[in-house]
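Heads up: the structure comes next, in structure tokens.
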Amino acid sequence: MARLAQTHGLTDVQQEILATVRDFVDKEIIPVATELEHRDEYPQQIVDGLKELGVFGLMIPEEYGGLGESLLTYALCVEEIARGWMSVSGIINTHFIVAYMLKQHGTQEQKEDFLPRMAAGETRGAFSMSEPGLGSDVSAITSKAVKDGDEYVLNGQKMWLTNGGTSTLVAVLVRSDEGHPEGTAPHKSMTTFLVEKEPGFGEVRPGLTIPGKIDKMGYKGVDTTELIMDGLRIPANRVLGGVTGRGFYQMMDGVEVGRVNVAARGCGVAQRAFELGVSYAQQRHTFGKAIAQHQAIQFKLAEMATKVEAAHAMMVNAARKKDSGERNDLEAGMAKYLASEYCKEVVEDAFRIHGGYGFSKEYEIERLYREAPMLLIGEGTAEIQKMIIGRRLLEEYRFQG
């Protein structure tokens, strides 16, 4: 809507980029999103359009063929894309996190090799931390890399890869005890490997298998998969940054900006839910007048709009904090937590406004109702965010007794 989720202080270039993305979303994504989602069909035409717009290289420096834009610009674009279809923003997010990790932590050779291809959308990224038995406990990773001459041999099973099938480059976090004596803290003996592969399913390179897509309640279209490594051999020059033992910190840096992205997705989905709710409330009549004229519905719309505004403001603050070069884990955690929770609530209120029709697959709100829950767990659950927020607050407000 014209008055909701506005961002002040944007440059002319930022405004032009956002206007272009918004126009693409309105014309190319929203009209086809629900149909593609119901078929669980990968949105290839949409992805090709975003490649032409340069979205895959939005934050990649100009020297590597990207647009060199800020995290704020990227987050606002994600907000617009998620307003059209959240699955598309997920395709962009995992690619973006890998590109960000390469930009921040990669060797010069790795940057020159991968970033130009990623900016063009020719190489598409995915990243992998989680495993079947660990959930949010990253320190419990059991997948392992063992040094063998000039290579490492990787074994283990990873879980919940967005873009697992369509990606051609996966940043994989595994244990690497080589060079780290027994008793070393788990997070100091983890390494990120840059694994190149063919797109598709099955054995995509010797020792690496991507089983078929995981069937999900929502967040369809995008492929979510497992990753199985069985004697996967990776050259030593594919260790991110060239040094083992830094993988945990590299991944956490990537996830931190990823949380801003998830907050932006929550803002976009919530904004679309509000648009659908306020529109339907003016079309649907009961007791002789539009339901928007009933005070109960007006109260609901007021609460929804306020939540959209609050979540957007926190997301923008977290992005600007990171762009300034400051630590933003507190702001990112707060933004992700609030935006995902508010998104769920706004979507549910829009669903209630639609009444029985909200339960019908003919109405877009049904899709949003199934998509919103993913944001509650993606990039860390609400409980994980609260732990991060609580610890940071105790650092900032340490009792001086």
Are there more than 12 heavy atoms of other residues, nucleotides or ligands under 6.0 Å from atom CD of Q295?
-> no
Which one of R370, K361, K220, K216 satisfies the salt bridge (Lys or Arg N to Asp or Glu O under 4.0 Å) criterion with E37?
-> R370
Distance-only side-chain donor-acceptor flag, E131 / T142, under 3.5 Å | yes
Salt bridge (Lys or Arg N to Asp or Glu O under 4.0 Å) assessment of K27 paired with D23 | CA-CA 6 Å; K27 293 179 179 178; D23 184 64; 3.4 Å; yes
Describe, in one word, how the ring planes of Y280 and H354 are oriented to each other, choosing from parallel (under 30°), tilted (30 to 60°) and perpendicular (over 60°).
-> parallel
Decide whether T192 and H105 meet the rule of one side-chain donor and one side-chain acceptor closer than 3.5 Å.
-> no
Report the residues that fulfil side-chain contact (heavy atoms from CB on, under 4.5 Å) with R327, sequence neighbours left out, ordered by chain and then residue number.
-> D329, R392, E395
Between Q157 and E226: side-chain donor-acceptor atoms closer than 3.5 Å | yes
K386 and E383: salt bridge (Lys or Arg N to Asp or Glu O under 4.0 Å), yes or no, with the steps?
-> CA-CA 5 Å; K386 290 177 185 178; E383 289 73 22; 5.4 Å; no
Check the pair E348, R352 against salt bridge (Lys or Arg N to Asp or Glu O under 4.0 Å), reporting the backbone distance first and the verdict last.
-> CA-CA 6 Å; E348 182 171 341; R352 290 173 183 268; 2.8 Å; yes
Nearest heavy-atom pair of K336 and I377: which atoms, and what distance?
-> NZ-N, 4.2 Å
D323 (side chain) donor-acceptor with L72 (main chain) under 3.5 angstrom = yes
Atom of A335, atom of M314 and distance for their closest heavy-atom approach = CB-O, 3.6 Å
Test item: side-chain donor near acceptor, D223 and T225, under 3.5 Å | no
Does the salt bridge (Lys or Arg N to Asp or Glu O under 4.0 Å) test come out yes or no for E331 and K321, once each step is laid out?
-> CA-CA 8 Å; E331 291 78 11; K321 187 92 169 180; 3.8 Å; yes
Can you tell me if E326 and S324 form a side-chain donor-acceptor pair at under 3.5 Å?
-> yes
Distance only, no hydrogens: is a donor on one side chain within 3.5 Å (strictly under) of an acceptor on the other, for T34 and R367?
-> yes
Scan side-chain atoms only and decide if Q283 and S279 contain a donor-acceptor pair under the 3.5 Å cut-off.
-> yes
Judged by modelled atom types alone, do H95 and T123 share a side-chain donor-acceptor pair under 3.5 Å?
-> no
